[in-house]
Amino acid sequence: MDQHSAEQDVTQPPLRLDAKDIVRTPKPRQWIGTVIALLLASMFLHMLVTNANLQWRVVWSYLFSSEILHGVLLTLELTVLAMLAGLVIGIILAVMRLSDNPLLQRLSWLWIWFFRGVPPLVQLIFWYNLASLVQSVSVGVPYGPSFVSWQTNSLITPFTAALLGLSFTESAYAAEMIRAGIQAVNRGQVEAAHSLGMTSAQAMRRIVLPQALRIVIPPIGNDTISMLKFTSLVSVLALPDLLYSAQEVYARTYQTIPLLLVATLWYLALTTVLTVAEHALEKRLRRGHGGPSGAAVRSQSRWRLFDWHRPLPTVAP
Amino acid sequence: MTAGPAAGEPLVLVDQVRKAFNGVTVLNGLSFEVAAGEVCCIIGPSGSGKSTLLRCINRLEKIEGGMIYLAGRPVGVMPHGSKLREMRQRELAGQRRDIGMVFQSFNLFAHKTVLANIIEAPLVVKKTSRADAVRDAHALLARVGLTGRADAYPDQLSGGQQQRVAIARSLAMNPKLMLFDEPTSALDPELVGEVLAVMKDLAEGGMTMIVVTHEMSFARDVADRVIFMDAGEIVESGSPEQVLRNPSHARTRSFLARVS
């Protein structure tokens, strides 16, 4: 019976629809997917529990051993130092990039181009072998007498080589984020500062940078997480970070898989802590006062090799 | 810092100023002067160059011809042999200390509290002691009717309150001249009055003011002189009575008919 005639039918009261009566729409395909996923997950869990090669007892016994803990410490140290140095250089590069001086602009562009283009692993090895290129480093008058001089070999330890490679790479990415952050700060802020008698440098330092940094804190937090993972590259320089410490142990004991698991668990724990901290910070910043909306720059970081779930970079206004 | 204007010398002298944006003339050789203590309102249709003129006076925009003088000194340039050179950052900053500016969009420092906004320039530019700067800031807040809001952030204030803080922030530098660039145009109608009241109070206190505005009532009641600009030129200038009630030019008449 069609609707029209139903309305005409006075003997049968019209059916009254009510949203309360909505039931779940059957979704058979979703069910099939769920079953397959659960099956795969259970197989994986079963493997984790039953596969004797994982040797969970060995994992447990090394998880908090002093050798591994020292590695964790070095990994953290490298992360913090490389991020700090990278940010400082990044701020300088961003300001150079936005300056009126075409030479400074181009130098900054060149640096960013170079250090974004060369893989950090190649850089680490390159810096480590710097002594073969330059025998000594000295401070003095360019092309003139030098006051202090160091042998490159004594200057470039695995640690400094690692720090140079990681922080220079980070500086290139940080520069682009900070530049976007600076550009996102309203032009009127600088004009107000100028009209009060502040110089451009004062306006940049006191007014623009604090607001720009607030905008780029979330992507910087994200970079810190990436940096933590990238520090594992330093194991090629025989620097006893978390990964290399684990490698050293299994080189002795041949317990490769359990020690790789130890490293994996530590990396996961550290990145989880950083992720939680980053989310808390981001939430607080969003609630806090001041500064233009950071949404435009929040996803500016291009160091996103492993962050597939993140939105694609957007162009700042 | 700078010597006060000699007797009879105008505080601001705009002489044959020309300015173009991408080949489009915005200021077409206009001249006028403002005496110390005078309140000068600039009115005119949008796009007539009013705001640009104001921004040229404190060198937020550069001019391409003519010259602007503040207390007898050219703005933004220095004599250089027989020619002129642009001022260095510090020289220009020194000159801008004497010129307060209030913007249409307030431009309060978004990451700083009201108090921090006001004491920023005295601390950083004038090197005033913090105690003095804070004391002065509280006095200024009382003057603009915002006692008790010192710890608020700009985004917690209404537009009218923000604009009053912006005025207090400019006054903290003890400027000789205040520029107002459409100070009430971004405000809800019910908030316009509180800002105009502060400006009127300032005018009555003897401040030299150049005000770009669409508030004809303010121009009529407070201004000593009204300048009507159109297409980068001064069409008519005189007392509010003359310009607003008995305009002699057809362009002024048609503009006034449109806004009232």
Side-chain angles (χ1 to χ4, degrees), chain A residues 91 95-96 98-102 104 178 180-218 220 281-298 316-317, chain B residues 1 54-55 57-61 76 87-114 116-127 151-157 165-166 169-175 177-179 181 186:
Chain A
I91 290 174
V95 172
M96 282 168 67
L98 293 171
S99 81
D100 297 329
N101 184 329
L104 292 183
I178 293 165
I182 289 174
Q183 285 174 326
V185 175
N186 193 317
R187 175 86 202 132
Q189 299 278 310
V190 179
E191 290 188 344
H194 278 160
S195 76
L196 288 165
M198 293 167 88
T199 61
S200 292
Q202 286 170 329
M204 178 57 75
R205 207 175 57 242
R206 308 262 327 166
I207 306 301
V208 177
L209 272 183
Q211 296 185 55
L213 289 180
R214 198 181 291 228
I215 297 170
V216 296
I217 278 176
I220 284 172
L281 193 65
E282 208 167 326
K283 218 167 160 186
R284 239 194 59 174
L285 283 176
R286 229 173 291 155
R287 210 178 41 212
H289 305 290
S293 155
V297 225
R298 198 153 276 149
Chain B
M1 285 294 283
L54 211 60
R55 292 163 60 82
I57 293 176
N58 73 350
R59 197 75 176 172
L60 286 178
E61 305 282 355
M87 279 186 172
R88 292 179 224 285
Q89 281 273 332
R90 296 222 158 260
E91 295 165 340
L92 183 57
Q95 200 167 38
R96 281 178 175 149
R97 287 165 55 163
D98 291 336
I99 312 172
M101 182 152 189
V102 174
F103 300 86
Q104 181 177 351
S105 51
F106 328 134
N107 292 346
L108 290 181
F109 302 136
H111 61 308
K112 288 179 182 288
T113 62
V114 165
N117 261 278
I118 299 175
I119 65 175
E120 175 70 12
L123 290 184
V124 175
V125 179
K126 274 207 294 194
K127 315 287 183 204
D151 296 324
Y153 280 88
D155 64 359
Q156 294 171 317
L157 300 178
V165 173
R169 179 177 68 174
S170 286
L171 292 176
M173 292 299 284
N174 280 317
L177 166 70
M178 285 286 285
L179 307 175
D181 186 7

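Scope of the values below: all heavy atoms of this structure, side chains included, with no hydrogens, waters or symmetry mates. Reminder, nothing fancy here: chain letters follow the sequence lines and each chain counts from 1. Just so it is clear, the model here is predicted, and its values are computed rather than measured.
Around CG of A:N101, the count of heavy atoms belonging to other residues, nucleotides or ligands within 6.0 Å exceeds 12.
Here the CD atom belonging to B:E61 is positioned 7.5 Å from the CD atom belonging to A:E191, to the nearest 0.5 angstrom. Expressed to the nearest 0.5 Å, how far NE2 of B:H111 lies from CZ of A:R214 amounts to 7.5 Å.
Between the side chain of A:Q202 and the main chain of B:V125, no donor-acceptor pair closer than 3.5 Å is present. Between the side chain of B:N107 and the main chain of A:G188, a donor-acceptor pair closer than 3.5 Å is present.
For chain A, the nearby parts of B:M101 are the backbone and the side chain; heavy atoms of each come within less than 4.5 Å. Neither the backbone nor the side chain of B:L92 comes within contact range of chain A, judged by heavy atoms closer than 4.5 Å. Proximity to chain A is limited to the side chain of B:L60, based on heavy atoms less than 4.5 angstrom apart. Of the two parts of B:R59, neither the backbone nor the side chain holds a non-hydrogen atom closer than 4.5 Å to a non-hydrogen atom of chain A. Neither the backbone nor the side chain of A:R187 comes within less than 4.5 Å of any heavy atom of chain B. Using a 4.5 Å cut-off between heavy atoms, A:Q189 touches chain B through backbone and side chain atoms alike.
Side-chain contact between A:S195 and B:F103: present, with at least one pair of heavy atoms (C-beta onward) separated by less than 4.5 Å. Side-chain contact check for B:E120 versus A:L196: every heavy-atom pair is 4.5 Å or farther apart.
Counting heavy-atom pairs closer than 4.5 Å to chain A, the top-ranked of the candidates B:N58, B:L108, B:V102 is B:L108. With respect to chain B, the highest number of heavy-atom pairs below 4.5 Å among A:T199, A:I207, A:V190 belongs to A:I207.
Taking all atoms of both residues into account, the shortest heavy-atom contact from A:G197 to B:A93 is O-CB, 3.2 Å. In terms of heavy atoms, B:R169 sits closest to A:A192 at NH2-CB, 3.4 Å.
Residues passing the side-chain hydrogen bond (donor to acceptor under 3.5 Å, both in side chains) test with B:D181 are B:S51, sequence neighbours excluded.
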